[in-house]
S.K.: 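Mind looking over this structure? Questions follow.
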Protein chains: 2
Amino acid sequence: MNGSNSADPGSSGVRRRSDATRTAILAAARERFAADGYERATIRAIARDARIDPSMVMRYYGNKEGLFAAAVSVELELPEPGSLPRHDIGRALVTRFLDLWEENEVLTALLRVGATNQAGAERMQGVFREQVMPVALLACPDPEQAPARAALAATQLLGLALTRYVLRFPPTVALTREEIVAWLAPTVQRYLTAPSP
Amino acid sequence: MNGSNSADPGSSGVRRRSDATRTAILAAARERFAADGYERATIRAIARDARIDPSMVMRYYGNKEGLFAAAVSVELELPEPGSLPRHDIGRALVTRFLDLWEENEVLTALLRVGATNQAGAERMQGVFREQVMPVALLACPDPEQAPARAALAATQLLGLALTRYVLRFPPTVALTREEIVAWLAPTVQRYLTAPSP
DNA sequence: AGCCTATGCCAACACTCGTTGGCCAACAAG
DNA sequence: CTTGTTGGCCAACGAGTGTTGGCATAGGCT
């Protein structure tokens with residue numbers, strides 16, 4: 001029925017005249033999903049932001065789910081535990097996470113959607129399983145404990161993101177980057193490498 | 001226009017014939033808000049769960065916002081830092097939070113709604129300010145640092161709730177209550193009472 | 001040039017939502 | 001009993017949603 005194409009302008013070699021429109025749609029979608037969550041981010045509003053007709057969104061991304069899938073793709077690019085001193089992994093992870101949350105709004109969108117949308121939650125689980133777990137597997141002493149230790153680190157890092165970038169608790173927003181690193185790095189370090197209590 | 005009444009059956013002395021209906025509505029609302037968030041928890045679905053007509057919800061609670069306000073009221077009843085040894089406050093807080101999240105779904109509803117709804121986020125800020133901050137004020141050495149320290153403790157506790165009760169990361173769900181307390185209590189304790197790093 | 005596909009907009013469909021007003025039965029007060 | 005009030009349902013409104021199909025047009029091809 002729709003014989004055209006998939007998504008992701010710029011990754012494949014094909015150049016299309018509509019690439020500008022496609023990226024505009026994705027950018028607007030990311031913004032809206034990050035600001036409003038899944039339900040309140042309407043296709044009409046996204047199209048309005050991108051200055052095109054709502055039907056274009058459907059043509060290029062199939063439906064709302066497809067748009068979300070195309071708009072939110074996460075590459076954490078976490079530091080490799082092998083490439084730095086064992087006792088610095090906590091600090092490295094915290095700083096990397098702060099960078100990630102502040103360099104664009106993809107993670108905010110993912111968290112806002114994940115909180116109320118089943119598909120969004122599953123996508124977050126996927127990111128955790130395939131991008132956070134491997135780091136724990138390399139960093140922690142006993143590989144069998146890796147899932148639990150990765151889970152603990154995730155509670156701390158996602159809790160920071162939740163209160164700072166989503167709920168926007170004033171005292172959490174007021175923390176400086178240095179304060180956050182100084183307080184949280186030892187926690188994450190302990191969750192990953194300290195002996196079980 | 002509506003000369004009848006406000007909310008909350010059982011608190012005031014007035015007995016109304018409709019009290020059973022009112023509590024049924026609130027129970028159904030809590031369930032739906034906890035499971036679906038604000039937008040997808042429709043008044044029609046809540047009314048169906050409570051086996052009454054949607055218009056009754058409007059009559060008793062005015063509108064959807066009013067229903068949410070009536071359905072979600074939080075009393076954390078956190079332990080008083082003065083009433084136990086200084087080094088046990090972390091453990092006491094973590095166990096209390098676990099109890100709270102498991103005894104009913106109000107907190108899940110509040111978090112799910114807060115993640116996508118401005119009013120919900122503000123309500124969470126209110127709970128934090130009026131019920132968590134005071135504990136930090138009594139527990140931490142320098143009162144001036146209380147907001148920051150309460151904020152840090154909140155990142156850890158809400159991060160646990162988010163990954164365990166909302167996103168349901170399997171490794172976080174798999175943690176036993178004892179493991180959680182053993183790992184998190186020292187963290188919260190440190191955030192509240194340890195000297196600044 | 002002429003053709004054909006890709007790009008875009010418009011108008012509409014079918015549906016769901018929150019919300020309203022009117023109507024009827026059950027109860028309470030006189 | 002009569003009267004007024006309360007509790008409940010039904011039907012509908014207006015707005016907004018995701019989604020669809022058709023129609024114009026602009027580019028790139030031969």
Side-chain angles (χ1 to χ4, degrees), chain A residues 1-10 12-26 28-29 32-33 36-71 113 116-120, chain B residues 1-9 12 14-26 28-29 32-33 35-71 113 116-117 119-120:
Chain A
M1 194 153 290
N2 174 7
S4 54
N5 35 43
S6 54
D8 194 4
S12 146
V14 242
R15 297 283 156 185
R16 277 163 310 208
R17 193 156 41 96
S18 58
D19 280 356
T21 303
R22 296 174 123 91
T23 58
I25 292 175
L26 291 186
R32 286 283 179 176
F33 282 129
D36 298 335
Y38 192 79
E39 329 288 333
R40 291 187 28 226
T42 69
I43 289 190
R44 286 173 150 93
I46 292 167
R48 202 176 317 122
D49 289 356
R51 304 177 174 282
I52 45 95
D53 189 88
S55 63
M56 308 294 311
V57 178
M58 307 301 298
R59 198 193 311 242
Y60 292 145
Y61 299 103
N63 54 30
K64 194 176 180 180
E65 271 191 54
L67 172 63
F68 177 73
V113 172
T116 44
N117 185 279
Q118 180 60 23
Chain B
M1 193 151 290
N2 175 5
S4 55
N5 36 42
S6 53
D8 192 4
S12 147
V14 242
R15 298 284 157 182
R16 278 163 309 210
R17 192 155 41 99
S18 58
D19 280 355
T21 303
R22 295 174 125 91
T23 58
I25 293 175
L26 291 185
R32 286 282 179 176
F33 282 130
D36 297 336
Y38 192 79
E39 329 289 334
R40 293 187 25 227
T42 69
I43 289 191
R44 287 173 148 93
I46 293 168
R48 204 176 319 124
D49 290 356
R51 303 176 177 280
I52 46 97
D53 190 87
S55 62
M56 308 294 313
V57 178
M58 306 301 299
R59 188 179 322 204
Y60 292 146
Y61 299 103
N63 54 29
K64 194 175 177 179
E65 270 191 56
L67 172 64
F68 176 74
V113 171
T116 44
N117 185 278

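Labels below follow one simple rule: chain letters A, B, ... track the order of the sequence lines, proteins then strands, and each chain is numbered from 1. Small disclaimer: the values here were computed from a predicted structure and weren't measured. All values below come from the heavy atoms of this structure, side chains included, with hydrogens, waters and symmetry mates left out.
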S.K.: Between C:dG21, C:dG18, D:dG21, spot the one nearest the side chain of B:S55, thanks.
M.R.: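 Nearest to the side-chain atoms of B:S55, counting from C-beta on, is C:dG21.
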S.K.: Between C:dT20, C:dC9, D:dG7, which nucleotide gets closest to the side-chain atoms of B:M58?
M.R.: C:dT20
S.K.: What is the separation between atom CG on A:D53 and atom P on D:dG21, rounded to the nearest whole Å?
M.R.: 15 Å
S.K.: Within the 4.5 Å heavy-atom criterion, are A:Y60 and A:T21 side-chain neighbours or not?
M.R.: yes
S.K.: CZ of A:R40 versus P of C:dC17: gap in Å, rounded?
M.R.: 17 Å
S.K.: From C-beta outward on B:Y60, which listed nucleotide comes closest to its side chain: D:dG7, C:dT19, C:dC9?
M.R.: D:dG7
S.K.: Taking a pair as Watson-Crick (N1 to N3 plus N6-O4 or O6-N4) or G-U wobble (N1-O2 and O6-N3), both under 3.5 Å, which stems of 3 or more consecutive pairs involve DNA chain C?
M.R.: C:1-30 with D:1-30
S.K.: Between B:R59 (CZ) and D:dC10 (P), how many Å, whole number?
M.R.: 14 Å
S.K.: Quick one, which residues of residues 42-49 of chain B touch DNA chain C with a heavy atom under 4.0 Å?
M.R.: B:T42, B:I43, B:R44
S.K.: Over 60° means perpendicular and under 30° means parallel, so tell me whether B:F33 and B:F68 are parallel, tilted or perpendicular.
M.R.: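 Perpendicular: the ring planes of B:F33 and B:F68 meet at over 60°.
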S.K.: To the nearest Å, how far apart are A:M56 CE and C:dC10 P?
M.R.: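 The answer, rounded to whole Å, is 12 Å.
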S.K.: Determine: side-chain N/O of B:T21 to OP1/OP2 of D:dG8, distance under 4.0 Å, yes or no.
M.R.: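 Looking at the OP1 and OP2 atoms of D:dG8, one of them is under 4.0 Å from a side-chain N or O of B:T21.
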S.K.: Between atom CG in A:N63 and atom P in D:dT19, what is the gap in whole Å?
M.R.: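 Whole-Å distance recorded here is 5 Å.
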S.K.: From OH of B:Y38 over to P of C:dC17, roughly how many Å is that when rounded to an integer?
M.R.: 14 Å
